[in-house]
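For ligands, and for the atoms within them, numbers begin at 1 and follow the listed sequence.
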Amino acid sequence: MSFNKLATLANKRILLGMTGGIAAYKCAELTRLLIKAGADVRVVMTKAAMEFITPLTMQALSGNRVHHELLDADAEAGMGHIELARWPDLILVAPASADFLARMASGHAGDLLTTLLLASKAPVALAPAMNQGMWLNAATQANLDTLKSRGCTIMGPDSGSQACGDVGPGRMLEPADLAEACAELFAPGWLTGLRIMITAGPTREPIDPVRYISNHSSGKMGYALAAEAAAAGALVSLISGPVNLAVPDRVHAVHVITAREMLDACLGGIDGQDVFVGVAAVADYRPAEVVSHKIKKSADTMQLSLIRNPDIIGTLAARSPRPLMVGFAAETDNVTAYGEDKLTRKGLDLLFANEATSTFGSESISATALWHGTESDQIMSNVLGPAGKNLVARQMLRLIHTKWLAAQQ
Ligand code: C5P
């Protein structure tokens with residue numbers, strides 16, 4: 001293990017929760033490694049943990065008083081249990097015993113560590129350590145599934161010879177491996193610093209003050225791309241039509257209604273973007289004139305005169321310099337053929353073609369990625385999904401990132 005791999009631990013606040021298991025002795029070395037990498041470590045021990053290693057040892061290594069009582073008048077006067085819950089960037093429970101996993105999975109708060117875990121918003125990593133039979137038991141596995149589904153990261157366990165003489169899975173990871181796994185949790189995302197502008201949702205084109213033309217786009221695909229890109233470290237600018245979705249964390253959003261407002265918002269922020277992804281289902285036409293009062297019904301038929309809206313992605317693709325341009329094509333028939341035509345006609349670098357009616361509003365999607373090959377007229381393709389929009393969004397971002405890296409050479 002190189003020391004560099006632990007660089008992301010510098011100045012991180014790590015709360016090390018220790019439960020009862022023979023592997024507790026490994027926490028002495030683990031604490032030393034975390035401190036050496038620049039982390040600030042506070043230790044919380046259960047009663048059972050203190051049977052295996054003394055609080056004094058952990059205090060000497062962490063440089064901080066060890067916490068073990070839920071109701072501790074001294075601690076509450078200094079760093080009480082709620083302050084302690086707010087303090088860490090990461091809570092690492094190591095060793096995490098079978099009993100502790102069961103108590104955590106069922107939401108117990110009978111001691112300081114379980115209470116902290118219930119109260120804290122910090123990410124949680126668990127390093128299980130137990131006899132192989134206990135590890136393989138269906139009850140333990142069910143508890144782990146519950147904890148995973150709540151977002152806990154499970155580190156290990158290793159397989160091999162155990163303190164009890166058994167051989168099998170259940171050994172706690174070695175301190176160096178645990179320190180490295182913690183460092184990885186703080187590693188910057190694979191899209192760190194990439195600037196991405198994404199359009200999402202439908203546009204609405206007013207007919208009069210109470211009516212408009214629009215489409216069934218829910219915005220879910222564009223929002224999933226924005227959320228996944230931001231989670232991977234990208235700087236995301238989301239230009240959104242009217243949708244019923246919450247703006248994802250760390251995403252900068254501009255809300256618009258019409259296609260022309262969407263174009264203006266895109267033009268206002270396009271300079272300096274690395275990638276543009278047009279997911280929005282932009283209305284192709286708008287009423288030629290917007291009537292200023294509510295139109296009254298009279299004749300059996302009425303004519304609505306429509307004019308073309310600007311093609312946002314086409315307008316942006318024609319600029320120079322321009323970001324990597326990624327389009328979408330939702331079609332009801334000839335999905336791939338129409339997609340290939342749009343890729344070329346709109347001058348795009350990558351296009352995702354999908355079937356429209358089964359996708360609008362749905363939680364899942366299947367899409368065909370299309371891009372130009374190195375030979376002239378050659379179009380390459382790759383089918384993504386069917387899968388949840390978030391998973392397909394990650395696959396799309398991987399392709400986008402590969403294309404962007406290639407364009408930098
Ligand atoms: O022409 P069509 O609407 O099928 O093309 C789809 C692609 O073009 C999508 O990426 C969509 O966001 C974009 N588009 C646009 N401005 C329009 C129409 C579509 O940016 N006016």
Looking only at protein heavy atoms, identify the closest one to [atom] and say how far it is in Å.
atom	result
atom 20 (O) of ligand 1	I313 N, 2.8 Å
atom 4 (O) of ligand 1	K342 NZ, 2.2 Å
atom 10 (O) of ligand 1	G278 O, 2.5 Å
atom 17 (C) of ligand 1	V282 CB, 3.5 Å
atom 16 (N) of ligand 1	I312 N, 2.9 Å
atom 9 (C) of ligand 1	F328 O, 3.0 Å

- Do E205 and T203 have side-chain atoms, one donor and one acceptor, less than 3.5 Å apart?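 Judged by distance alone, the side chains do pair up.
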- Item | Distance-only polar pair, side chains of S305 and Q303, donor-acceptor under 3.5 Å |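 Not at all, the side chains of S305 and Q303 share no donor-acceptor pair under 3.5 Å.
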- What are the atoms of ligand 1, with element, lying closer than 4.0 Å to any heavy atom of D284?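 Per the distance check, 3 (O), 18 (C).
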- Task: Check whether any N or O atom of A283, backbone or side chain, sits under 3.5 Å from an N or O atom of ligand 1, and answer yes or no.
- Result: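 Min N/O separation from ligand 1 is not below 3.5 Å for A283.
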- Message: Is there a polar contact between ligand 1 and A329, counting only N or O atoms under 3.5 Å apart?
- Response: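 Between A329 and ligand 1, no N or O pair is found under 3.5 Å apart.
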Does any non-hydrogen side-chain atom of [Y] lie less than 4.5 Å from one of [X]?
X	Y	result
V279	V326	no
L391	L384	no
L185	T153	yes
V277	L225	yes

- Would you check whether N309 reaches within less than 4.0 Å of ligand 1, judged by its heavy atoms?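 No, N309 has no heavy atoms under 4.0 Å from ligand 1.
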- Query: Has K346 got any heavy atom lying under 4.0 angstrom from an atom of ligand 1?
  - Reply: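 Distance cut 4.0 Å: K346 passes for ligand 1.
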- Task: Give a yes or no on whether F52 atom CZ has more than 12 heavy-atom contacts from other residues, nucleotides or ligands under 6.0 Å away.
- Result: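 Counting neighbours around CZ of F52, more than 12 heavy atoms of other residues, nucleotides or ligands fall under 6.0 Å, so yes.
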- Between D271 and R319, is there a salt bridge with N-O shorter than 4.0 Å?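 Salt bridge flag = yes for D271 with R319.
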- Between the candidates A353, A259, P310, which shows the shortest non-hydrogen contact distance to atom 21 (N) of ligand 1?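 Result: the heavy atom closest to atom 21 (N) of ligand 1 is in P310.
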- Item | Residue selection (non-hydrogen contact nearest atom 11 (C) of ligand 1) among A317, G327, A280, C266 |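 It is A280 whose heavy atom sits nearest to atom 11 (C) of ligand 1.
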- Query: Any idea how F328 and F352 line up, ring-wise: parallel (<30°), tilted (30 to 60°), or perpendicular (>60°)?
  - Reply: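 Judged by the thresholds at 30° and 60°, the geometry between F328 and F352 is tilted.
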